[in-house]
Visitor: 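Dropping the structure in here first, questions after.
Everything quoted here is computed from the prediction, not taken from an experiment. No hydrogens, no waters, no symmetry mates; every other heavy atom, side chains included, goes into these values. We name chains A, B, ... by the order of the sequence lines, and we start the count at 1 in each one.
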Protein chains: 2
Amino acid sequence: MPIVKKTYKDQVVDYVYQLLLTNELGPGDQLKESLLAEQMGISRAPIREAMKELIMNGLVDYRPQVGNFIPVLSPKQIVDSYTTRGVLEGYAVMETCDQFSAEEVDKLENLTEQMENYAHKKNHKMVIEAGGEFHDLLISKNNNVQLLEYTDRLSLKLHILFFKYLGKLYGPSEVGRRHREIVESVKSKDLGLIEKVIRQHYVETGSKIAIL
Amino acid sequence: MPIVKKTYKDQVVDYVYQLLLTNELGPGDQLKESLLAEQMGISRAPIREAMKELIMNGLVDYRPQVGNFIPVLSPKQIVDSYTTRGVLEGYAVMETCDQFSAEEVDKLENLTEQMENYAHKKNHKMVIEAGGEFHDLLISKNNNVQLLEYTDRLSLKLHILFFKYLGKLYGPSEVGRRHREIVESVKSKDLGLIEKVIRQHYVETGSKIAIL
DNA sequence: CAGATGTCTAATGTCGACATTAGACATCAA
DNA sequence: TTGATGTCTAATGTCGACATTAGACATCTG
């Protein structure tokens, strides 16, 4: 087991993730350096380092001379973020659709079934986990570092900010139909169709979250 | 005249941009905090702040406990970066292609001619400037904040890192043909064509730079 | 000789204190 | 009333010093 020795900065980042995931922090809240430093028993320096990373990943809005805030995203901004995610993933998958083995396609279909089953049991957390694995596998063939950097950042941001809604968006039949549609498009190797289906998937996910 | 009072951090960022644009800094060089602090007569704190911003924009690679370095991009990474830029811009323009007025299309054609003329005179700097205006106008109709954030970052990164090559890539006839092709695709309102042409434009630009 | 280990150094990581400033509030004049 | 101005405070911006560590080099060991 790899003992990873984390720097204070990384601990702060994780701490803020936890605060967000447990709803102890919500949109509009300010992250005061002194307060965080006091809570964690460290100085402000590593807090500031952590803020920069959170800003980079879109999980914190920075206002010069004022402070760092959890972003308040408008419905349009939510849809925009998901749309952008879809554009990037759509391209990534389209470009590599002929690299998927039969086993990998099976795996995708398997994960789709898992999502359906978990959705039936209302096990939202596992729905999200299987969904994450599904999209990770989909995009895994692409090795465009720049593109992956952006999709990763965006995934993290959307995951952390909207985790609480993600599992409940779709019923079992819909989550199944949606992901089967993606798998079918990949199997078809119809480049235009792949991009269209994946983009649509994200736009609709974003739209659903935006109206909550 | 607006006197903008810049924070030290911003001055550091600008300073590093200058070092990069004037080739005083090149791929692989390390940005030592103490040295920069000494050169600018300030402490390391604002230097560190500036590093975070440069990292965010992809202009600096960060290695924990080691330091900050000007990135060394492989040919593939260069092409990847330009490709990603093309994917984002292609989508942005495609989505808004029916919002361009006749005057704006004229402006695009006008800028294309300017690029040709400047290229004839080997005025590389002005070719780049007109090119920047061309792409800014193209993308200006889109208001997807998330997408614009990424395209802006990527534009800045590619501009700063490859400024020295940009103007010399294409001869006058080629730069004209390429950009006219983009304008024509926008006028056609053929969504698939627009994305294809814009992506292709960036992929080829990246490929040319990659082999230098 | 090759690999493991020890040591050193220069760089980043962290600290606590002070400087500066955005925003809130009170005050005043038209 | 209302807009301009003064003042205050709590937050970020910056500082210089110390702690820690990655990487280079020397040393030991088989």
Visitor: Would you say the side chain of B:Arg44 and the base of C:dG13 hold a donor-acceptor pair, judged only by whether the two atoms sit under 3.5 Å apart?
Guide: yes
Visitor: With DNA chain C as reference, determine whether A:Tyr8 or A:Pro64 sits nearer its 5' end, using the nearest nucleotide of each.
Guide: A:Tyr8
Visitor: May I ask you to evaluate whether B:Ser34 reaches the phosphate of C:dA10, defined as a side-chain N or O under 4.0 Å from OP1 or OP2?
Guide: no
Visitor: Does the structure show a Watson-Crick or G-U wobble partner for C:dA22, both distances under 3.5 Å? Name it, or say none.
Guide: D:dT9
Visitor: Go nucleotide by nucleotide along DNA chain C from the 5' end; which of A:Gly41 and A:Gln65 gets its closest nucleotide reached first?
Guide: A:Gly41
Visitor: B:Lys9 has an atom NZ; how far is it from atom P of D:dT12, in whole Å?
Guide: 14 Å
Visitor: Counting N and O atoms only, with roles assigned by atom type, does the side chain of B:Ser74 sit under 3.5 Å from a partner on the main chain of B:Gln77, one being a donor and the other an acceptor?
Guide: yes
Visitor: Give the nucleotide from the list C:dT12, C:dG23, D:dT14 with an atom nearest to the side chain of B:Arg48.
Guide: C:dT12
Visitor: Find the distance B:Asp10:CG to D:dG13:P and express it as a whole number of Å.
Guide: 10 Å
Visitor: Between D:dT14, D:dA22, C:dC15, which one does the side chain of A:Ile42 approach most closely?
Guide: C:dC15
Visitor: Between B:Glu53 and A:Lys52, is the closest basic N to carboxylate O distance under 4.0 Å?
Guide: no
Visitor: Establish, with yes or no, whether the OP1 or OP2 oxygen of D:dG13 is under 4.0 angstrom from a side-chain nitrogen or oxygen of A:Tyr62.
Guide: yes
Visitor: Rounded to the nearest angstrom, tell me the gap between atom CD in B:Glu53 and atom P in D:dG13.
Guide: 12 Å
Visitor: Give one of base, sugar-phosphate or nothing for A:Gln30, where a contact means two heavy atoms less than 4.0 Å apart.
Guide: sugar-phosphate
Visitor: I need the CG-P distance between B:Leu36 and D:dC15, as an integer number of Å.
Guide: 13 Å
Visitor: Identify which nucleotide among D:dT14, C:dA22, C:dA11 has an atom closest to any side-chain atom of B:Ser43, counting heavy atoms from C-beta outward.
Guide: D:dT14
Visitor: Salt-bridged, A:Glu89 to A:Arg199, with N to O below 4.0 Å?
Guide: no
Visitor: Mind checking whether A:His135 and A:Tyr202 have ring centres under 6.0 Å apart?
Guide: yes
Visitor: Given C:dG13, D:dT12, D:dT14, which nucleotide is nearest the side-chain atoms of A:Thr7?
Guide: C:dG13
Visitor: Can you check the B:Glu33 CD to D:dC15 P distance for me, whole Å?
Guide: 13 Å
Visitor: Nearest of D:dA11, C:dT14, D:dT21 to any side-chain atom of A:Lys32?
Guide: D:dA11
Visitor: Please report, rounded to the nearest Å, how far the P atom of C:dA11 is from the CG atom of B:Asp29.
Guide: 14 Å
Visitor: Taking CE from B:Met51 and P from C:dG13, how many angstroms apart are they, rounded to a whole number?
Guide: 12 Å
Visitor: For the side chain of A:Arg63, counting heavy atoms from C-beta on, which of C:dG23, D:dT14, C:dC15 is nearest?
Guide: C:dG23
Visitor: Take the protein atom CD of B:Glu49 and the nucleotide atom P of D:dC15, then report the distance between them rounded to whole Å.
Guide: 11 Å
Visitor: Select base, sugar-phosphate, or nothing to describe what B:Leu31 touches, counting heavy atoms under 4.0 Å on all strands.
Guide: sugar-phosphate
Visitor: Do A:Thr84 and B:Tyr91 have a side chain donor and acceptor closer than 3.5 Å?
Guide: no
Visitor: Checking A:Gln39 against A:Tyr15: is there a side-chain donor and acceptor pair closer than 3.5 Å?
Guide: yes
